[in-house]
Participant: 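My questions will all concern the structure given below.
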Amino acid sequence: MMSGNALRDLNTLPASERKNDSSSKGNFTKTCNGNTIENVEELQKKNPSVCINGGETVNAGVEVANSEVEYIESENLGDLEDVNTCLEKLLPGLESKDWVLVVETLNNVRRLSIFHREAMHSMLGDLIPLVVKSLKNPRSAVCKTAIMTSADIFSAYNDDLIEFLDPLLVQLLLKSSQDKRFVCEAAERALEVMTTSVFPMSLLPKLQPYLKNRNQRIRAKASMCFSRSVPRLGVEGIQEYGIDKLIQVAASQLSDQLPESREAARTLLLELQTVYEKSNGLSTTIREQPEMNSWEHFCQSKLSPLSAQAVLRVTNIAREGLVIGS
């Protein structure tokens, strides 16, 4: 079940998330000439200018935060030289009030997830709440790096994250629904990674409550995740989960206000129709009583008349399109 904190976060967008950001990039000081971000501030005290981003210089009187963040894709992250020292500094780094240090530490979490999965596994319980804290950070550089960190954690730990998933999920749904485009796109990618990494039998019950959220954009993002996750169950998995439950979920989304929700529902319904007809096509009962076990009869037996009519309209149009196309 979702935690109370997750529900409160979902239903109340912080004011900082409603503000428009003037830039699609955050601000961040990179390592330069062997000097890590932890000692750039100290160097600035000694020198009127400090090397930033490999070549630029910044006057001591200018805030270091004015340099641009470089968001590193997962495949471009390098391994760590000293894993043990990095592990020791993870939690203090993520709790730091220095946002530059937080960003570097988040990138180290990503490196550990990719190259040293087992070494960080025992820390997940303490680590995830701090990643969630960074997801809530009003500074775009911290927020986006935390989103990218979430995606790498999903890829590395899969179902091991289920007990920690609720707070991550609610923040990613929020970020994927806001107006800040580069944050929104990163959150959407993280949600896609989640749906391909976490076993759907565990993930679908986590997603289902968000399909009824009062925020229509949250519902749309959750619907898209739900629709992507169901096919990964396979025919047997869908039957085990309950095709009758799934068709009711999809039918409820057909009348949603946003087109993304409706399209996700259509995609899910076509998948369910294919699975239903494929699985029941092997049954002797179907061949003996085809009308009683048809897709149409199944929909009418599981849904209200109006919902069944809407579902059949969607699936019949798709079928007619396939016939015409052939």
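If you read the sequence from its start, that first residue is 1, and numbering goes on from there.
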Participant: I'd like to know if the side chain of S202 reaches the main chain of V198, judged simply by a donor and an acceptor atom lying under 3.5 Å from each other, with no hydrogens or angles considered.
Facilitator: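 Side chain of S202 to backbone of V198, a donor-acceptor pair under 3.5 Å: no, none is there.
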
Participant: Can you run down the salt bridge (charged side-chain N to carboxylate O under 4.0 Å, His left out) pairs that involve residues 228-247, sequence neighbours left out, and say none if there aren't any?
Facilitator: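 Applying salt bridge (charged side-chain N to carboxylate O under 4.0 Å, His left out) to every pair that reaches into residues 228-247, excluding sequence neighbours, yields nothing.
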
Participant: Not counting sequence neighbours, which residues clear side-chain hydrogen bond (donor to acceptor under 3.5 Å, both in side chains) with S301? List them please.
Facilitator: none

Participant: Do Q253 and S223 meet the criterion of a side-chain donor-acceptor pair at a distance under 3.5 Å?
Facilitator: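 Result is yes, a qualifying pair exists.
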
Participant: Going by salt bridge (charged side-chain N to carboxylate O under 4.0 Å, His left out), name the pairs with one or both residues in residues 249-260, residues two or more places apart or in two chains.
Facilitator: R219-D256

Participant: Is a side-chain donor or acceptor of T196 paired with a backbone partner of V193 at a separation under 3.5 angstrom?
Facilitator: yes

Participant: Could I get the full list of side-chain hydrogen bond (donor to acceptor under 3.5 Å, both in side chains) partners for N84, not counting sequence neighbours?
Facilitator: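 N84 satisfies side-chain hydrogen bond (donor to acceptor under 3.5 Å, both in side chains) with no residue once adjacent residues are dropped.
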
Participant: Would you check if L233 and V275 make a side-chain contact, meaning some heavy-atom pair closer than 4.5 Å?
Facilitator: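 Side-chain contact under 4.5 Å: no.
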
Participant: Checking E73 now: which residues fulfil side chain to side chain contact (heavy atoms under 4.5 Å, CB included) with it, not counting sequence neighbours?
Facilitator: E75, N76, M148

Participant: Is there side-chain contact between C299 and Y276, with at least one heavy-atom pair below 4.5 Å?
Facilitator: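 No, side chains not in contact.
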
Participant: Please list, chain by chain and in numerical order, all residues satisfying side-chain hydrogen bond (donor to acceptor under 3.5 Å, both in side chains) with Q239, sequence neighbours excluded.
Facilitator: S279

Participant: Report whether L94 and I147 are members of the same hydrophobic cluster (ILVMFWY, side-chain heavy atoms less than 4.5 Å apart, transitive linking).
Facilitator: yes

Participant: Could you pull out all residues at least two apart from R266 that satisfy salt bridge (Lys or Arg N to Asp or Glu O under 4.0 Å)?
Facilitator: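 For R266, the residues satisfying salt bridge (Lys or Arg N to Asp or Glu O under 4.0 Å) (neighbours in sequence not counted) are E263.
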
Participant: Compare all side-chain heavy atoms of L254 with those of L269 and state whether any distance is below 4.5 angstrom.
Facilitator: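 Yes. Closest side-chain heavy atoms under 4.5 Å.
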
Participant: Starting from I72 and following side-chain heavy-atom contacts under 4.5 Å between hydrophobic residues (I, L, V, M, F, W, Y), which residues can be reached?
Facilitator: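 Noted: I72 shares its cluster with L77, I114, F115.
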
Participant: Could you check if a side-chain atom of W295 sits within less than 4.5 angstrom of a side-chain atom of L272, using non-hydrogen atoms only?
Facilitator: yes

Participant: Applying the side-chain hydrogen bond (donor to acceptor under 3.5 Å, both in side chains) test to N107, which of R111, R110, E104 qualifies?
Facilitator: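 It is R110; the other options fail the test.
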
Participant: Could I get the full list of side chain to side chain contact (heavy atoms under 4.5 Å, CB included) partners for T85, not counting sequence neighbours?
Facilitator: D82, K89

Participant: Quick test of your reading: applying ring-ring contact (aromatic ring centres under 6.0 Å, His included), list the pairs with at least one residue in residues 124-150, sequence neighbours left out, ordered by first then second residue.
Facilitator: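 Not a single pair qualifies under ring-ring contact (aromatic ring centres under 6.0 Å, His included).
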
Participant: Just by distance, do the side chain of S307 and the backbone of L303 share a donor-acceptor pair under 3.5 Å?
Facilitator: no

Participant: Tell me which donor-acceptor pairs under 3.5 Å the side chains of residues 126-134 have, and how far apart each pair is, sequence neighbours excluded?
Facilitator:
residue: S134; atom: OG; partner: L130; partner atom: O; Å: 3.4

Participant: Could you note down all residue pairs passing ring-ring contact (aromatic ring centres under 6.0 Å, His included) where residues 149-177 supplies at least one of them, sequence neighbours left out?
Facilitator: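 Sorted pair list: H121-Y157.
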
